[in-house]
Amino acid sequence: MTEKRMSMSRKHNIKGAMLTVAKDLLEAEALEKTEERKKYMEDSCPPLQLPHSKEELAELCSQFHEKIEMGEDERYNLEFKLNLVFTEVRDLNIKMIDLKGKFKKPKLKKVRMSADAMLKALLGSKHTVNMDLRANLKQVKKEVKEEDKEAVGDWRKNIEDKADRKKMFETS
């Protein structure tokens, strides 16, 4: 089955058509949002009628202050709930990553450590037992050969003999 390839001009035309449709959809969505915003403002904020006396003006200001205070309370509560949701999502993401096990295990360096040092590291200050493995080995006495001692003799003689040999090679 051979598939026919589209020509570049056809691809360009299709791409252009897709972009125009997407542009129209975005414009329609923006208009819808502005209409919703206008409708909300008309419902929640009636047109302002300024009073003529000082007392009515003070009463209007106190009403505005109460509405502002209620709005601030709502905003604070929503922010608090939003922060709780964000922390919960972050914790769940961490748990999910831990359950997947996709983190790399670091390569550990090889450390030469004696048995005593290892026990001290594991047990801390509780470790008092000394694990000297060599102390538990069987003691074997070495027999010294007497012939070797006689052959060694005085070290000065050996040096003089070697000096004599060196002179023999130099003279020849």
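One is the number of the first residue; the rest follow in order along the sequence. Only heavy atoms go into these numbers, but all of them, side chains included; no hydrogens, no water, no symmetry mates.
- The distance from the NZ atom of K33 to the CD atom of E29 is 5.0 Å, given to the nearest 0.5 Å.
- When every heavy atom of P51 is checked against every heavy atom of L60, the shortest pair comes out as CD-CD2, 3.8 Å.
- Linking ILVMFWY residues whenever their side-chain heavy atoms come closer than 4.5 Å, directly or via other members, leaves L26 and M18 in distinct clusters.
- By the 6.0 Å contact criterion, CD on E74 is open, its count of non-hydrogen atoms from other residues, nucleotides or ligands being 12 or less.
- Within a 6.0 Å radius of CD in E55, other residues, nucleotides and ligands contribute 12 heavy atoms or fewer.
- Here the CZ-NZ distance, from R5 to K11, works out to 6.5 Å after rounding to the nearest 0.5 Å.
- Here CE of M6 is found 11.0 Å from CG of N13. Values are rounded to the nearest 0.5 Å.
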### Query
Please walk me through it: do K39 and E35 pass salt bridge (charged side-chain N to carboxylate O under 4.0 Å, His left out)?
CA-CA 6 Å; K39 189 175 183 182; E35 288 174 6; over 6 Å; no

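- Within the model, atoms CD1 of I97 and CG of L92 stand 11.5 Å from one another, a figure rounded to the nearest 0.5 Å.
- Here the closest heavy-atom approach between residue E56 and residue H52 is recorded as OE1-N, 3.6 Å.
- Summarising the local packing, CD of E88 is surrounded by 12 or fewer heavy atoms from other residues, nucleotides or ligands at distances under 6.0 Å.
- Contact check for E27 versus K23: side-chain heavy atoms found under the 4.5 Å cut-off.
- Taken from CZ in F80 to CZ in R75, the straight-line distance is 14.5 Å, to the nearest 0.5 Å.
- With rounding to the nearest 0.5 angstrom, the CD1 atom of I94 is 12.0 Å from the CG atom of L99.
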